[in-house]
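Computed over heavy atoms, backbone and side chain alike; hydrogens, waters and symmetry mates excluded. In what follows, every chain begins at residue 1, and chains take the letters A, B, ... in the order their sequences are listed.
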There are 2 protein chains.
Amino acid sequence: MAVTLKDIARHVGVSVTTVSRALGGYDDVAETTRQKILRAAEELGYYPSVTARQLQKQRTDTIGFVIPTFGPRFSDPFFSELLAGIGNEAARHNFDLLVCTRSPDSPEEEEAYRRLVDGRRVDGMLVVRTRVDDPRLSFLKQRHFPFVAFGRSHADENSPYLDVDGHHGLYQAVRHLIDLGHRRIAYISAPLNLTFALHRLQGYRDALQEGGLKYDEELVHVGYLTEEDGYQAAHRLLALDRPPTAIAVANDLMALGAMRAAHERGLTVGRDVAITGFDDIPLAAHAHPPLTTVRQPIYEIGRRICQMLIQIITGEPLDNYHLILEPTLILRQSSGPAQ
Amino acid sequence: MAVTLKDIARHVGVSVTTVSRALGGYDDVAETTRQKILRAAEELGYYPSVTARQLQKQRTDTIGFVIPTFGPRFSDPFFSELLAGIGNEAARHNFDLLVCTRSPDSPEEEEAYRRLVDGRRVDGMLVVRTRVDDPRLSFLKQRHFPFVAFGRSHADENSPYLDVDGHHGLYQAVRHLIDLGHRRIAYISAPLNLTFALHRLQGYRDALQEGGLKYDEELVHVGYLTEEDGYQAAHRLLALDRPPTAIAVANDLMALGAMRAAHERGLTVGRDVAITGFDDIPLAAHAHPPLTTVRQPIYEIGRRICQMLIQIITGEPLDNYHLILEPTLILRQSSGPAQ
DNA sequence: CTTGACATCCGAAACGTTTTGGATTATAAT
DNA sequence: ATTATAATCCAAAACGTTTCGGATGTCAAG
């Protein structure tokens with residue numbers, strides 16, 4: 001069906017080896033035959049079989065990425081931006097990207113890893129939303145398979161990661177709320193099996209403590225990072241006998257949900273209640289009112305972890321196996337002084 | 001490095017053929033040797049090389065998907081949901097998904113298609129956001145390569161697509177606005193090289209005409225489907241001498257931007273100005289106020305086009321090569337009666 | 001005229017599978 | 001005892017590349 005080296009060889013009257021070497025730019029083929037070969041390749045419309053090459057070279061020039069999706073209706077602007085960063089960086093290095101969508105900690109997720117890694121479908125894996133004691137990381141480490149994680153894990157001092165200092169991020173946000181005079185500050189957390197959730201929660205607690213406020217379990221709720229969960233949690237928080245005057249939230253999507261809940265209760269966000277997010281997805285700047293949030297450079301993160309992985313795969317030395325980025329607090333109108 | 005059939009063969013003392021057939025479940029291998037082989041495979045940790053299989057079987061069980069991204073900071077909830085639909089359906093059929101991110105109509109996009117198709121990296125392609133006279137479709141048709149498009153194109157009566165009736169969608173939305181008493185209805189369109197933009201625009205025009213309103217160029221602006229563009233367009237529309245009392249928008253993200261512009265001008269959306277979107281991304285229901293929009297089942301669309309493509313690849317008969325889904329108008333609070 | 005160097009080419013093996021078309025042996029039927 | 005049949009097995013080719021280690025021919029230097 002498709003045109004192969006053999007076809008060109010037959011057409012020109014030369015061996016397959018010579019065709020391969022002519023096309024490969026080796027200098028042990030005469031200029032005139034090279035020309036003939038190039039012309040024939042052009043005429044016949046030759047394009048090398050990537051699969052055959054992969055088999056021969058024993059590498060795929062492909063990186064694998066399993067996106068953790070919660071539920072069927074999955075729509076997270078965070079991931080589309082991360083994916084763009086990863087994809088563009090991969091393309092820059094002529095790497096392809098193999099993507100799967102699986103719900104976290106499911107048998108399907110494990111199966112996907114087996115297939116990509118053990119089936120040698122990819123040269124390296126990108127792991128995101130690391131969990132404490134993450135089975136994906138143990139799997140990869142056990143097989144000595146190249147990977148880079150976005151997010152730290154339990155005992156991972158010998159595996160490469162890039163992470164954002166969520167502790168400091170949330171510390172800044174809560175500190176900011178305290179400076180605004182808030183004394184009753186709630187927190188909507190991410191599920192605590194995610195490592196970043198622990199860091200951010202601790203940042204919240206440390207800021208409270210330093211501000212002389214005491215940690216109150218009643219003021220901490222957990223949501224699965226969706227707008228809907230943020231909405232529900234905020235409703236419950238604002239229905240308390242002594243409701244909080246400020247709510248820090250573990251990500252922007254839930255913060256948008258929290259804002260909606262506040263609106264629904266007739267509160268003006270930024271005046272009656274302060275709300276902060278985390279991520280700075282594009283929508284955050286465009287919320288109503290614009291959302292005060294902790295910015296992490298999502299696109300850049302995608303680019304960087306992809307770059308790190310490719311360096312590991314190609315054997316280039318990595319200047320740093322552990323990167324912690326500092327997030328920055330972005331002040332907007334959703335957080336105002338306490339009444 | 002990795003364990004191969006040959007390793008098992010050597011270990012058990014049998015030929016590679018027999019190992020392959022034992023593992024493949026053929027019945028021409030004795031039960032006792034099969035057991036020995038299975039045990040050895042287990043012990044040695046055998047997993048077949050996907051690449052070698054692909055080369056031999058001349059298919060990849062992979063489908064390709066090039067996501068059109070505008071600019072580096074790309075973050076579209078639409079695509080993450082579509083991707084989930086595609087990815088899950090692919091997984092259900094044991095297909096992998098190869099994803100690229102390229103800006104539309106760029107040389108890089110063309111290169112990606114050459115690589116995936118001519119390099120036989122994938123068995124079929126999914127094309128989204130079809131354009132009038134789409135070079136991607138001509139490319140695929142010329143090569144007789146399996147593909148399914150989300151969205152119609154110019155002369156594509158012989159190529160499979162799934163589309164949503166954008167004409168009727170926008171017709172419903174504008175009709176709804178007219179019924180609410182609006183007489184000056186603006187429209188924020190998508191770029192007109194996208195086929196769906198044409199359909200929706202025509203739906204807008206036809207609804208106007210049927211309602212006895214005349215089409216006014218001044219009231220139609222074009223945006224690149226981002227929140228920011230919707231924001232800008234709405235600002236310009238609302239700054240007109242005779243501003244519209246209602247704005248229909250070609251997608252939800254721009255509609256959210258339009259809502260923000262209206263708020264900024266001190267208008268209450270749903271009372272002072274009516275706004276409708278298109279898509280019904282999850283965020284639409286959670287906007288403030290909730291967005292009246294035309295719902296297209298994004299996840300389901302991803303699932304369906306993926307399913308169609310796999311049927312084409314595997315040679316199963318397709319009941320219908322052209323599917324038009326009817327979108328439904330979802331009434332929420334962003335659209336109220338004219339003052 | 002021989003030798004060595006260089007330019008140009010190619011056969012064969014390898015990558016890890018699957019598949020084709022027998023070969024060999026044991027078993028049952030005549 | 002012979003023959004047909006079934007049960008097991010396997011060598012080799014194929015998929016489309018790349019690469020190793022020569023082979024061949026030409027030409028200039030000795």
Query raised in the report: With respect to B:D123, which candidate in B:T62, B:T314, B:T60 satisfies the side-chain hydrogen bond (donor to acceptor under 3.5 Å, both in side chains) definition?
Result: B:T60

Report summary line: side-chain contact (heavy atoms from CB on, under 4.5 Å) with B:D163: of B:I324, B:I301, B:T195, only one passes, and it is B:I324

Requested in this report: Examine the side chains of B:S20 and B:T17 and answer whether a donor and an acceptor come within less than 3.5 Å of each other.
Outcome: no

Requested in this report: Describe, as an angle rounded to 10 degrees, how the axis at the first end of the helix from C:dC1-D:dG30 to C:dT30-D:dA1 is tilted relative to the axis at the last end, five pairs per end.
Outcome: 70°

Query raised in the report: Does the side chain of A:Y161 come within less than 4.5 Å of A:M308's, by heavy atoms?
Result: no

Requested in this report: Give a yes-or-no answer on whether the side chains of B:E31 and B:Q35 include a donor-acceptor pair shorter than 3.5 Å.
Outcome: yes

Report task. Please examine the side chains of B:I63 and B:L126, heavy atoms only from C-beta on, and report whether any two atoms are closer than 4.5 Å. Result -> yes

Query raised in the report: Do the rings of A:F65 and A:F79 sit parallel, tilted or perpendicular, given the 30° and 60° boundaries?
Result: tilted

**Report entry** Contact list for DNA chain D against residues 48-64 of chain A - heavy-atom distance below 4.0 Å
**Finding:** A:P48, A:S49, A:A52, A:R53, A:Q56

Report task. Look at the aromatic rings of B:Y113 and B:F139 and report parallel, tilted or perpendicular, splitting at 30° and 60°. Result -> perpendicular

Query - Interatomic distance where CD1 belongs to A:I8 and P belongs to D:dT18 [whole Å] - result: 11 Å

Query raised in the report: Given atom CG of B:L5 and atom C1' of C:dT19, what is their separation to the nearest angstrom?
Result: 13 Å

Report summary line: Residues of residues 17-38 of chain B with a heavy atom under 4.0 Å from any atom of DNA chain C, listed by number, are B:T17, B:S20, B:R21, B:Y26

Query - Residues A:R53, A:D61; criterion salt bridge (Lys or Arg N to Asp or Glu O under 4.0 Å); working and verdict - result: CA-CA 10 Å; A:R53 250 192 211 172; A:D61 288 339; over 6 Å; no

Query raised in the report: Would B:E109 and B:R129 count as a salt bridge (Lys or Arg N to Asp or Glu O under 4.0 Å) if you check the C-alpha gap in whole Å, the side-chain angles of each, and the deciding distance to 0.1 Å?
Result: CA-CA 13 Å; B:E109 183 191 49; B:R129 287 238 176 113; over 6 Å; no

Query raised in the report: Does a side-chain N or O from B:S15 land closer than 4.0 Å to OP1 or OP2 of D:dC10, or not?
Result: yes

Query raised in the report: How many Å lie between CZ on B:R120 and P on D:dG16, as a whole number?
Result: 7 Å

Query raised in the report: Hey, which of these two, A:T4 or B:V14, hits DNA chain D nearer its 5' end, going by closest nucleotide?
Result: B:V14

Query raised in the report: So, is A:Y47 near the phosphate of D:dG16, with a side-chain N or O under 4.0 Å from OP1 or OP2?
Result: no

Query raised in the report: Hey, what do you get for CZ (B:R304) to CG (B:L309), rounding to the nearest 0.5 Å?
Result: 14.5 Å

